[in-house]
Amino acid sequence: MSPFHISRRGFLRASAVISAGAALPAWFEAQAADAPRPRVPLSPNDRPAIALIGCGGMGRGDAKNASRFGDIVALCDVDATRLEAAGKDYPNAKRYSDFRECVQHPGLHVVINGTPDHWHTFINLTAIKAGKDIYSEKPLTLCIDEGKRLVKAVRAAGTVLQTGSQQRSDKRFRLAIELVRNGRLGALKHITSSIPMGQHGGPFASSPVPAGFDWNTWQGQTVSVPYVKERGHGSFRYWWDYSAGTLTDWGAHHNDIAIWGTGLPLAEAGPVAIGGHGLRDPVPGGYSFPSTFFVSYRYANGVTHTCRTVQTEGPGGNVIDPKTPPGQMPNGVLFEGNDGWVFVSRGTIVASDPAILQEPLTNKTWSAYDSNDHMGNFFDCLRSRKAPAAEAEIGHRSVSVCHLGAIAIRLGRPLHWDPVKQQFPGDKEANGWLTREQRKEFSYAALGI
Ligand SMILES: NC(=O)c1ccc[n+]([C@@H]2O[C@H](COP(=O)([O-])OP(=O)(O)OC[C@H]3O[C@@H](n4cnc5c(N)ncnc54)[C@H](O)[C@@H]3O)[C@@H](O)[C@H]2O)c1
């Protein structure tokens with residue numbers, strides 16, 4: 001029986017038994033302790049030179065995390081205020097406003113891409129061309145065609161690219177996937193990814209562009225509109241033009257876990273049927289992606305998958321909130337099989353029966369990639385030249401699941417998808433959404449990529 005069908009008290013009882021203090025089973029901890037540790041640099045000369053492009057909250061967090069392994073030598077942003085603020089953390093780093101100049105910084109090894117979604121691919125392709133390795137924030141792309149291009153370019157250049165889908169290096173998520181893929185739940189039937197609601201609001205008025213902010217460049221390939229604060233820093237993700245709401249924002253995390261759990265080979269990882277709709281109409285002139293939505297998927301192996309917004313979020317959106325009404329799950333991913341269920345989120349893993357977690361997995365046929373430190377794994381791969389835990393194709397395939405849901409919402413009808421050819425068979429209208437119209441000034445051709 002799934003937690004959607006059991007009482008709130010029953011679910012909490014299971015949680016209390018299995019996940020109090022969010023402790024992991026001893027057998028899994030012992031296995032994780034054997035995992036290779038990221039290599040610690042041996043000398044000052046061994047520290048890679050890093051550029052941060054996009055100095056917002058996430059970019060700066062990534063830069064701080066990366067500075068355990070290398071040196072931040074360059075910073076780039078199109079907002080002078082943000083550049084200056086980041087410069088206080090790294091006073092010796094050279095400051096740039098143009099990412100094309102930044103990737104040419106002498107002696108540079110690594111680019112951290114912390115820009116908004118609509119800039120990720122352009123900057124990643126430019127960095128690849130300049131011979132740099134990349135830690136790029138998720139969602140990796142703005143549309144599926146960008147992902148295809150990126151994967152091709154990464155392969156051709158031998159680039160190490162880590163997608164910022166850090167749940168791939170989180171022990172709880174890895175445990176959940178090992179249980180699912182080694183048959184602990186019996187045959188996998190259904191996956192639910194519950195993600196936070198987006199923003200609903202508007203209409204919003206335009207205002208003068210803040211001093212030092214290059215709004216034209218910030219908009220990049222997207223349609224040029226007068227400056228509206230709510231379209232810019234941080235809240236860009238709630239607009240179709242720059243993203244697809246929390247479907248691509250949180251979906252890039254939880255749908256990544258979902259497709260990992262399906263067990264499909266990466267080159268076939270994607271649904272064959274998709275349906276979806278928004279649950280609340282956006283306000284004209286306001287945030288344009290629906291704040292709440294429901295998307296359903298079916299995979300070629302018969303597994304079904306629902307991705308939906310959580311109607312009532314717990315504090316922080318990630319934790320089991322005792323106030324969550326019966327029948328509603330907190331933010332996370334639920335796997336249901338013939339023999340039970342497991343629910344995993346950040347800091348929490350619970351199952352329908354304690355034995356599902358506590359019994360060691362003997363005779364495993366499949367093991368999750370050994371990484372407990374997502375940034376550390378990236379720097380380790382710089383030296384080994386192995387594929388990192390969330391390599392480019394993983395980032396591309398995961399966000400493609402989200403893009404497919406967004407296209408179904410946009411078109412308001414069911415869709416059929418060929419995950420191998422990465423096309424909607426015989427559906428010209430839907431195939432038209434695999435790309436986005438680019439402003440001439442910021443097209444691939446104009447930027448030479
Ligand atoms: N991995 C995670 O858990 C996680 C969490 C939060 C955000 N993110 C991702 O990180 C990215 C950034 O999110 P944020 O909340 O920090 O956004 P933000 O809007 O606060 O910051 C983005 C920064 O990039 C700059 N920028 C835009 N275009 C640029 C360009 N062409 N060149 C240089 N700089 C440019 C902006 O001026 C801004 O300072 C998003 O894609 C988001 O999805 C990931």
Side-chain angles (χ1 to χ4, degrees), residues 51-66 74-87 95-103 111-127 135-142 146 162-170 173 195-196 198-199 209-210 212-222 227 229-239 241-254 256-257 316-318 331 346 374-375 378 389-390 395 398-399 402 439 441-442 446-447 449:
L52 168 63
I53 303 181
C55 304
M58 197 60 208
R60 285 173 70 180
D62 285 338
K64 189 169 176 213
N65 194 3
L75 298 166
C76 176
D77 206 294
V78 293
D79 183 339
T81 309
R82 290 235 162 158
L83 196 53
E84 197 183 326
R95 300 180 197 178
Y96 295 89
S97 57
D98 187 328
F99 66 91
R100 290 167 297 183
E101 290 172 19
C102 183
V103 299
V111 165
I112 295 176
N113 188 348
T115 58
D117 312 4
H118 61 279
W119 264 114
H120 288 170
T121 303
F122 278 78
I123 291 169
N124 291 338
L125 289 174
T126 307
Y135 186 98
S136 176
E137 266 316 327
K138 48 53 61 180
L140 201 49
T141 63
L142 182 64
E146 284 193 344
Q162 177 85 296
T163 314
S165 303
Q166 66 271 17
Q167 292 180 171
R168 287 259 171 176
S169 300
D170 178 305
F173 288 95
I195 61 183
Q199 293 289 327
V209 180
F213 187 17
D214 181 354
W215 173 240
N216 185 44
T217 303
W218 186 96
Q219 294 178 91
Q221 62 171 310
T222 70
Y227 176 71
K229 185 165 81 59
E230 289 79 4
R231 281 178 167 267
H233 297 323
S235 47
F236 61 83
R237 47 175 67 81
Y238 306 116
W239 300 79
D241 293 333
Y242 319 116
S243 194
T246 54
L247 179 52
T248 43
D249 185 23
W250 269 95
H253 286 303
H254 287 346
D256 175 42
I257 299 303
N318 303 325
N331 168 10
R346 297 185 184 177
H374 206 56
M375 188 62 81
F378 168 65
S398 303
V399 73
C402 310
R439 269 203 293 161
E441 186 187 351
F442 290 95
L447 298 187
I449 49 177

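Because the structure is a prediction, the values reported are computed rather than measured. In each ligand, atom 1 is the first atom listed, and ligand 1 is the first ligand listed. Residues take their numbers from the sequence shown, with the count starting at 1.
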Protein heavy atom at shortest distance from atom 18 (P) of ligand 1 | R82 NH1, 3.5 Å

What about F99: any of its N or O atoms under 3.5 Å from an N or O on ligand 1?
-> no

G164 heavy atoms within 4.0 Å reach ligand 1 at atoms 1 (N)

For the residue pair H254 and W250, categorise the inter-ring angle as parallel (less than 30°), tilted (30 to 60°) or perpendicular (more than 60°).
-> tilted

Residue pair Q219 / F442, side-chain heavy-atom distance below 4.5 Å = no

Is the shortest distance from a heavy atom of P116 to ligand 1 less than 4.0 Å?
-> yes

In the protein, which heavy atom is nearest to atom 32 (N) of ligand 1, and how far is it?
-> V78 CG1, 3.7 Å

May I ask whether R60 places a heavy atom under 4.0 Å from ligand 1?
-> no

Counting from 1, what ligand 1 atoms have a heavy atom of I53 closer than 4.0 Å?
-> 33 (C)

Provide the number and element of each atom of ligand 1 under 4.0 Å from a heavy atom of G56.
-> 16 (O), 20 (O), 21 (O), 23 (C), 39 (O)

With rounding to the nearest 0.5 Å, note down the distance linking SG in C55 to CD in E84.
-> 12.0 Å

Okay, side chain of R95, backbone of L75: is any donor-acceptor separation there less than 3.5 Å?
-> no

Determine whether W218 and D79 make a side-chain contact, defined as any pair of heavy atoms from C-beta on separated by less than 4.5 Å.
-> no

Which ligand 1 atoms does G234 reach within 4.0 Å, using its non-hydrogen atoms?
-> 18 (P), 19 (O), 20 (O)

Name the closest protein heavy atom to atom 24 (O) of ligand 1, giving the residue it belongs to and the distance to 0.1 Å.
-> G54 CA, 3.4 Å

Rounded to the nearest 0.5 Å, how far does OG of S398 lie from CG of L140?
-> 9.0 Å

Atom 35 (C) of ligand 1: which protein heavy atom is closest, and how many Å away?
-> T115 CG2, 3.6 Å

Looking only at protein heavy atoms, what sits closest to atom 41 (O) of ligand 1 is D117 OD1, 2.8 Å

Please could you name the atoms of ligand 1 that W218 approaches to less than 4.0 Å, counting only its heavy atoms?
-> 27 (C), 36 (C), 37 (O)

If only atom types and distance count, is the side chain of H374 paired as donor or acceptor with the main-chain N or O of R168 below 3.5 Å?
-> no

Any sub-3.5 Å donor-acceptor pair from Q162's side-chain atoms to A390's backbone N or O?
-> yes

Do any nitrogen or oxygen atoms of D79 come within less than 3.5 Å of a nitrogen or oxygen of ligand 1?
-> no

Which heavy atom of V111 sits nearest a heavy atom of A127, and at what distance?
-> CG2-CB, 4.0 Å

Any N/O pair K138/ligand 1 closer than 3.5 Å | yes

Nearest-contact summary for atom 28 (N) of ligand 1 - protein heavy atom, Å | W119 CD1, 3.3 Å

Residue pair E146 / T121, side-chain donor-acceptor N/O under 3.5 Å = yes

May I ask you to list the atoms of ligand 1 that are less than 4.0 angstrom from any heavy atom of P139?
-> 43 (O)

Point-to-point distance, once rounded to the nearest 0.5 Å, from CD1 of I112 to CG of L52 | 6.0 Å

Which heavy atom of the protein is the closest neighbour of atom 17 (O) of ligand 1, given with residue, atom name and distance?
-> F236 CE2, 3.5 Å

Is the Y242 ring parallel, tilted or perpendicular to the H118 ring (thresholds 30°, 60°)?
-> tilted

For the pair W119 (side chain) and T217 (backbone), establish whether a donor and an acceptor sit closer than 3.5 Å, ignoring hydrogens and angles.
-> yes

Just jot down the ligand 1 atoms closer than 4.0 angstrom to any heavy atom of H253, in number order.
-> 1 (N), 2 (C), 3 (O)

Please test K138 against D256 for salt bridge (charged side-chain N to carboxylate O under 4.0 Å, His left out), starting from the C-alpha separation and ending with a verdict.
-> CA-CA 11 Å; K138 48 53 61 180; D256 175 42; over 6 Å; no

of all protein heavy atoms, closest to atom 36 (C) of ligand 1 is D77 OD1, 3.4 Å

Before signing off on this row, confirm whether H120 and ligand 1 have an N or O atom pair separated by under 3.5 Å.
-> yes

What atoms of ligand 1 come within less than 4.0 Å of a heavy atom belonging to Q166?
-> 1 (N), 2 (C), 3 (O)

Could a heavy atom of A252 be found less than 4.0 Å from some atom of ligand 1?
-> no

Distance-minimising heavy-atom pair for N216 and R439 = OD1-NH1, 2.8 Å

Less than 3.5 Å between some nitrogen or oxygen of M58 and one of ligand 1, yes or no?
-> yes

Nearest option to atom 13 (O) of ligand 1, as decided by whichever heavy atom of E137, Q167, R237 sits closest | R237

